Amino acid sequence: MKHNSIHWFRKGLRLHDNPALLAAMKDCAELYPIFILDPWFPRNMKVSVNRWRFLIEALKDLDENLKKINSRLFVVRGKPTEVFPLLFKKWKVTRLTFEVDTEPYSRQRDADVEKLAAEHNVQVIQKVSNTLYAIDRIIAENNGKPPLTYVRFQTVLASLGPPKRPVQVPTQENMKDCCTLWKSSYNEKYGVPTLEELGQDSLKLGPRLYPGGESEALSRLELHMKRTTWVCNFKKPETEPNSLTPSTTVLSPYVKFGCLSARTFWWRIAEIYQGKKHSDPPVSLHGQLLWREFFYTAGVGIPNFNKMEGNTVCVQVDWGNNKEHLQAWSEGRTGYPFIDAIMTQLRTEGWIHHLARHAVACFLTRGDLWISWEEGQKVFEELLLDADWSLNAGNWQWLSASTFFHQFFRVYSPVAFGKKTDKNGDYIKKYLPILKKFPAEYIYEPWKAPRSLQERAGCIIGKDYPKPIVEHDVASKQNIQRMKAAYARRSGSTAEVDKDSGQSNKNGAKRKVAGGPSVAELFKKNKSKKD
DNA sequence: ACTCGCGTTGGGTTG
DNA sequence: GCAACCCAACGCGAG
């Protein structure tokens, strides 16, 4: 019996390494590759015009690549649960395939669609291809709980063996016994949307540095893989956050949208490593893909992973609520040129280096402004081309010393950190041209420049560029004490904790945290189930 | 139950 | 220029 198949693209916007697409093509009479413009997304999250453009370009490229194998992409408008019953009937669908997506909204959505499919006698096939491993297998292997350290994570993966190899790329041969039917009305009904249709202002677009799509992803991949020495020597902490052109691959937006398969990336790197000395996780290129996997695992295994409240592994911190400071940070007006340059790059270009993310995330939270990491998470979710739910939540928890990372006394300096790799402040001058006439001596701290120098530079601090909104040396010291107090409350010290000084009595014995079971207790139940 | 080594990427001073 | 050390000190996970 031959099927009429829908393959539903969500992430995974590619033909290569797409097992669910291959499954749709098997014993198939009519194939309908679709993407659904789901109104849930713009209603529930801000998305920058830059990321909308990336998505549109990815969809266009997908349509072009499907055309090459005698198919097309149908972009459908509407809620998935409303769209599918109509499509099932209209196209006499018997099979629906898609890639497994582990985010909370996606899981609920997919469960709802699966139910609808069953009601319409439509077979559903789901395949793992967004991640290197099936995430629930990782969790099961670790006795039902996600590892909280990278070392432990690696141990768990070692027992699972290497990731699966990517599957074959579909060709015209795969389509020879089936067809995709589209009519002359295709473009008005199923065409890839424009920015205007999505209510986006194209005048707000930044430079097109990272065009969307699988074709661009694969050519970028090959471009970097040609640099075999660089690939083998890659150590993330040694790459520069403030180089004038990216010091890393910037493949992250492509991996996020699935224009590039993580497994294809993994095995391509493995080919380069073959027989050569190379760096290792956590700092190597393989290591970077494992970090992604690490946070995906945490996102699946830890309830309320994108929040502090109800997140049992997250330190509960009494973050402040200074709206002016949050806005200044978000708009690059903190008065710290290094921070403001990074936020400007983020807003205009949609990508910043990982260490630049560290600097601004630390500054917003435990370092200087004492604002909740959830606020930073929202801004990154809007502006980053590579914004990915688990990675964004996980990294914000990391940098704010809320989860995974606990050495809160290690604070990034908004002045010193950037100097290590850009003494002259060329990066600052690129993104904050108002400061371009300041000499290296003052470029990271322009408020210290004498008035006469400010005048000569054509930039008066406090008028043309803001004064620092906080004094880093004072704020960071105070915030370390606040973190100390938050940790003391967490471990349940019986001693009095003085909130202002953060002094706690170290002799206080540990006891259960008030208001809920500890993480260990929560996970114990799972463990006994497995054993 | 308890200790202990260590953790992808800090800053600052000293030698 | 660079390595060693201090700062004041966290939790995870192995043993």
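Below, chains carry the letters A, B, ... as their sequence lines are ordered, and counting in each starts from 1. Fair warning: this is a prediction, and the values are worked out from it, not measured in the lab.
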**ring pair (Phe, Tyr, Trp, His ring centres under 6.0 Å) assessment of F295(A) paired with Y150(A)** = CA-CA 10 Å; F295(A) 288 124; Y150(A) 194 89; 9.0 Å; no
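Across all strands, V151(A) comes closer than 4.0 Å only to sugar-phosphate atoms, never to a base (heavy-atom distances).
Rounded to whole Å, the separation between the P atoms of dT3(B) and dA8(C) comes to 24 Å. Using C1' as the reference atom, dA9(C) and dC5(C) are 16 Å apart when rounded to the nearest Å. Taking the P atom of each, dC6(B) and dA4(C) are spaced 16 Å apart, rounded to whole Å. For the C1' atom pair drawn from dA1(B) and dG13(C), the interatomic distance equals 15 Å after rounding to whole Å.
Nearest to the side-chain atoms of T149(A) among the listed nucleotides dC10(C), dC12(C), dT9(B) stands dC12(C). Side-chain atoms of R490(A) lie closest to dG11(C) of the nucleotides dT8(B), dG11(C), dG12(B). Checking dG10(B), dG7(B), dT8(B) against every side-chain atom of Q407(A), the shortest atom distance belongs to dG7(B). Here the side chain of Y487(A) is nearest to one of dC10(C), dG11(B), dT9(B), namely dC10(C).
Considering K11(A), R14(A), R263(A), R10(A) in turn, R14(A) is the only one that fulfils the salt bridge (charged side-chain N to carboxylate O under 4.0 Å, His left out) rule with E99(A).
Contact annotation: R410(A) does not reach the phosphate of dG11(B) (side-chain N/O to OP1 or OP2, under 4.0 Å). Close to dT8(B), at under 4.0 Å from its OP1 or OP2, lies no side-chain N or O of K235(A). The phosphate of dT9(B) has neither OP1 nor OP2 within less than 4.0 Å of any side-chain N or O from K420(A).
Ion pairing of E222(A) with R268(A) is present here, as a side-chain N (NZ or NE/NH1/NH2) and a carboxylate O approach within less than 4.0 Å. We find that K378(A) and E381(A) are not joined by a salt bridge, their nearest charged nitrogen and carboxylate oxygen being 4.0 Å or further apart.
As the counterpart of dA9(C), no nucleotide is assigned, since no Watson-Crick or G-U wobble pattern has both distances under 3.5 Å.
Rounded to an integer number of Å, the gap from F404(A) CZ to dT9(B) C1' is 17 Å.
One side chain, T239(A) or H353(A), offers a donor N or O that lies under 3.5 Å from an acceptor on the other.
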